[in-house]
Number of protein chains: 2
Amino acid sequence: METISENRCFGGVQGVYRHPSKATGCDMTFGLFLPEEAEDHPVPVLWYLSGLTCTHENAMVKAGAQAWAAEQGIALVFPDTSPRGEGVADDEAYDLGQGAGFYVNATQDPWAPHFRMWDYVADELPRLITGDFNIDEDRQSITGHSMGGHGALTLAMSLPGRFRSVSAFSPICHPTASDWGRKQLGAYLGDDESTWAVHDATLLMREKGLDIPLLVDTGSTDQFVDLLMPEAFAEAVNTRRVPATLRLQKGYDHSYFFVSSFIEDHVSFHAEALYE
Amino acid sequence: METISENRCFGGVQGVYRHPSKATGCDMTFGLFLPEEAEDHPVPVLWYLSGLTCTHENAMVKAGAQAWAAEQGIALVFPDTSPRGEGVADDEAYDLGQGAGFYVNATQDPWAPHFRMWDYVADELPRLITGDFNIDEDRQSITGHSMGGHGALTLAMSLPGRFRSVSAFSPICHPTASDWGRKQLGAYLGDDESTWAVHDATLLMREKGLDIPLLVDTGSTDQFVDLLMPEAFAEAVNTRRVPATLRLQKGYDHSYFFVSSFIEDHVSFHAEALYE
């Protein structure tokens with residue numbers, strides 16, 4: 001593993017690292033914030049999955065999460081959103097290919113060889129960060145924004161016991177019924193829609209529910225709200241009577257200004273579960 | 001004035017605006033955060049001047065200042081660092097021309113027609129924001145990073161009565177003696193070094209002192225510390241017995257991770273002066 005940069009940040013270290021990935025068959029870059037406490041003992045970790053067009057860097061520099069993670073003694077990991085590089089397939093559209101991995105394992109060409117972001121964030125990267133850094137693998141929580149909110153919700157519901165809590169900012173809630181989803185799931189997984197269901201937070205919620213604390217924030221004036229479909233997820237949560245806090249925040253949109261405005265709440269929410 | 005964007009942020013609004021500037025003879029873009037309180041009454045304002053290569057946007061998205069400004073009910077203004085556009089002179093180097101205005105009024109060609117950032121941040125933009133927004137012109141403070149720290153210090157010392165307090169992150173402290181300064185002051189102001197002195201915080205401190213609260217943070221391992229020369233400024237401050245807090249922060253570098261780590265301190269410091 002190669003250290004790209006390490007910057008002192010809120011008493012800890014904001015690092016960026018690159019490593020060859022077996023899951024994606026290419027080099028992957030991720031950001032990792034370690035609070036000062038990690039010098040002494042293993043610390044809990046909050047995963048932050050990013051949205052369309054993002055790299056590992058966007059949330060790392062714009063979400064403002066380190067301030068609160070440092071206060072709580074929690075590590076933050078910022079994975080990239082897709083494989084990248086010259087040999088990796090791409091598409092001209094912003095919402096397919098590089099920068100748009102959707103946290104699935106692609107089965108269709110030209111995506112299948114590299115677009116295995118599910119395996120990367122569910123298996124490979126967790127093993128790598130808990131092995132190489134002072135991170136407590138028994139205390140993990142997960143959040144994300146937009147496509148990353150989709151990833152956070154689907155990972156949390158599909159990997160029971162892995163996370164202590166899950167939250168999301170403006171998540172894509174029902175991709176099998178949205179243009180943010182149908183296009184990508186079709187491209188990556190093929191036309192058989194039965195293979196899509198395990199990547200739809202609303203369908204998973206209807207079928208399996210969730211037994212860890214759940215917090216979701218969406219802007220009441222999010223410009224993409226019709227693509228996010230929070231109403232479908234809210235219906236499913238309420239139908240299953242799953243304990244959850246689902247909030248529509250008045251006047252906020254889809255930007256990082258929204259995320260940064262509520263990141264303190266989310267980090268505190270996760271800290272409560274991680275230190276229970 | 002044209003509204004480029006307005007995003008809800010920490011209960012207030014983070015706006016970006018563009019306007020034709022008489023000072024620089026071109027369109028200028030700036031960021032302005034207005035806390036919720038500005039809906040009801042004029043609020044105090046903290047100026048944030050940015051460093052080399054930055055636009056209005058860098059600090060606005062990376063410094064994390066809005067969280068604390070919202071808490072204190074303070075506006076934030078993020079000016080650009082130079083004139084820009086097709087008719088505006090530029091240089092291939094990152095540290096001259098567009099993105100590197102150095103907060104001076106150029107007298108030398110090809111810079112003289114547009115590079116009048118002193119007039120822009122000292123006169124034109126203050127009139128514009130206090131006229132068009134709910135900002136209290138009697139309660140202004142100023143901060144900045146690197147080249148912007150230089151700007152904040154020189155403006156504060158040259159405009160007595162304008163600001164209630166001044167701070168800086170990793171400021172260029174002694175540009176007449178540094179490669180971050182001699183090159184630019186020579187290009188913009190010409191070879192007569194006597195014209196440079198009013199743009200050197202250390203020389204101004206030696207000559208005039210300062211009668212408002214002063215806070216400066218610099219990373220003890222800042223990779224550019226030899227160009228910043230905090231030792232010259234500290235010597236001048238101490239020789240004049242100017243009340244000040246000058247800090248070297250252990251292990252921090254020149255990045256926005258440093259700025260964001262201490263921005264809470266700076267906003268609180270200014271709030272104390274602005275609400276005195």
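The chains referred to below are lettered A, B, ... by the order of the sequence lines, with proteins before strands, and numbering in each begins at 1. Only a predicted model underlies this, so the values are computations on that prediction, with no experimental measurement involved.
- Separating the CZ atom in B:Phe262 from the CZ atom in A:Phe10 is a distance of 8.5 Å, to the nearest 0.5 Å.
- Within 6.0 Å of CD in B:Glu276 there are 12 or fewer heavy atoms belonging to other residues, nucleotides or ligands.
- For A:Tyr252 (side chain) and B:Asn7 (main-chain N/O), no donor-acceptor pair under 3.5 Å exists by modelled atom type.
- Annotation: A:Asp179, atom CG; neighbour count of heavy atoms from other residues, nucleotides and ligands within 6.0 Å does not exceed 12.
- Heavy-atom neighbours of B:Glu39 CD from other residues, nucleotides or ligands within 6.0 Å: above the threshold of 12.
- Looking at A:Gln66, A:Glu6, A:Arg8 one by one, the single match for side chain to side chain contact (heavy atoms under 4.5 Å, CB included) with B:Phe257 turns out to be A:Gln66.
- A:Cys9 contributes atom SG, which lies 11.5 Å from atom CZ of B:Phe258 (distance to the nearest 0.5 angstrom).
- Proximity to chain B involves both the backbone and the side chain of A:Ser260, based on heavy atoms less than 4.5 angstrom apart.
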